[in-house]
Amino acid sequence: MDEIVPRAPLAYENTKFLNSPDARALRILSEYQEPLGRFRRERIQDTVVFFGSARFHSRSEAESSLQLLEKPGSATPAPPEQQEKVQRARAAVKMARYYEDARRLAYMLTEWTLSIPSKRQRFVVTTGGGPGIMEAANLGAREAGGKTIGLNINLPYEQMPNRYITPELNFEFHYFFMRKLWFAYLAKALIVFPGGFGTFDELFEILTLAQTEKLAKKILVVMYGSEYWNRVVNLEAMVETGVISPNDYKLFKMVDTPEEGFQYLKEGLTRYHLGPHRPEKAPEIAKTNP
């Protein structure tokens with residue numbers, strides 16, 4: 001009697017194949033097509049992206065952590081390693097203002113966008129989906145009653161999505177470059193709070209696209225916190241040495257309060273992206289110059 005040969009799995013149901021190097025192109029395409037479908041279903045036309053450190057905490061959380069470490073009333077000095085933790089906790093309290101400012105700015109922006117007459121969602125607050133500044137911006141947008149997007153990344157140490165992201169707009173990416181594509185693809189503005197390597201990477205990537213005129217749309221770039229940025233990036237030295245031109249200063253705006261940032265964004269977004277002669281698309285995919 002002939003042996004019955006089991007059916008082979010369909011290629012698109014073959015998990016071993018889909019996770020293999022041979023299917024890399026399919027996985028990359030999936031991280032383009034699946035988000036695109038969701039953005040269309042949720043009627044997202046464009047976004048405003050918040051970047052910044054994942055290590056900042058809310059003021060109340062930072063102050064509580066510092067209080068626990070300082071142990072008020074203790075007559076015994078803390079050991080050296082504990083003193084180092086106390087210093088970091090004091091710095092966290094100081095930097096917590098950026099968390100609160102991001103939350104406030106996202107609230108103001110979302111409250112305004114909800115008043116824009118449109119069949120689609122305009123200038124939706126978008127973050128990398130994690131803690132810190134990302135959490136603050138998602139929280140502020142949610143408090144204002146708007147949808148808010150989280151573009152998370154799958155990492156070995158598991159960056160978990162924060163709880164303020166709209167569930168239908170909670171994304172998880174494997175490829176960093178596909179996640180970056182979606183940050184830039186729908187963005188009409190970028191707000192960059194103090195941060196580390198990742199924040200620098202995202203900031204200068206967008207500035208480079210704007211400087212080289214690779215995008216056929218205007219992206220407003222806001223650098224938040226002049227005290228921080230002027231201390232860690234010497235842009236004047238870059239001009240003096242000729243690696244950038246004085247006109248490159250016009251590629252971004254430095255602000256220090258949520259109110260100042262909101263006014264600049266409202267005026268710029270209205271000027272470049274609102275008006276009777278700007279047809280709506282779903283979503284408005286970034287055009288590139290030839």
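Each residue takes its place number in the sequence, starting with 1. Model, not experiment: these values are computed from the prediction.
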Validation row: Ile191, Tyr264 side chains within 4.5 angstrom (heavy atoms): no
Any residue meeting ring-ring contact (aromatic ring centres under 6.0 Å, His included) with Tyr224, in chain and number order, not counting sequence neighbours: Phe193
Less than 4.5 Å apart, side chain to side chain, heavy atoms only: is that true for Leu169 and Phe39? yes
All ring-ring contact (aromatic ring centres under 6.0 Å, His included) counterparts of Phe177, not counting sequence neighbours: Tyr175
Between Thr241 and Met238 (side chain of the first, backbone of the second, donor and acceptor by atom type, cut-off under 3.5 Å), is there such a pair? yes
If we only count heavy atoms from C-beta on, is the Met223 to Val233 side-chain gap below 4.5 Å? no
Residue pair Glu143, Arg103: steps toward the salt bridge (Lys or Arg N to Asp or Glu O under 4.0 Å) verdict: CA-CA 9 Å; Glu143 288 175 326; Arg103 178 179 177 180; 2.5 Å; yes
With Phe51 as partner, the option from Phe200, Phe183, Phe204 fulfilling ring-ring contact (aromatic ring centres under 6.0 Å, His included) is Phe183
Are a donor atom and an acceptor atom from the side chains of Gln263 and Glu259 found within less than 3.5 Å of each other? no
Over 12 non-hydrogen atoms of neighbours within 6.0 angstrom of CD in Glu236: no
Got Leu269 and Leu220 here, is their nearest side-chain heavy-atom distance under 4.5 Å? yes
NZ on Lys188 to CG on Leu265, rounded to 0.5 Å: 13.5 Å
Who clusters with Leu26? Use side-chain heavy atoms, under 4.5 angstrom, across I, L, V, M, F, W and Y, and order the result by chain and number. Phe17, Leu18
Is the shortest heavy-atom distance from the side chain of Ile149 to the side chain of Trp182 under 4.5 Å? no
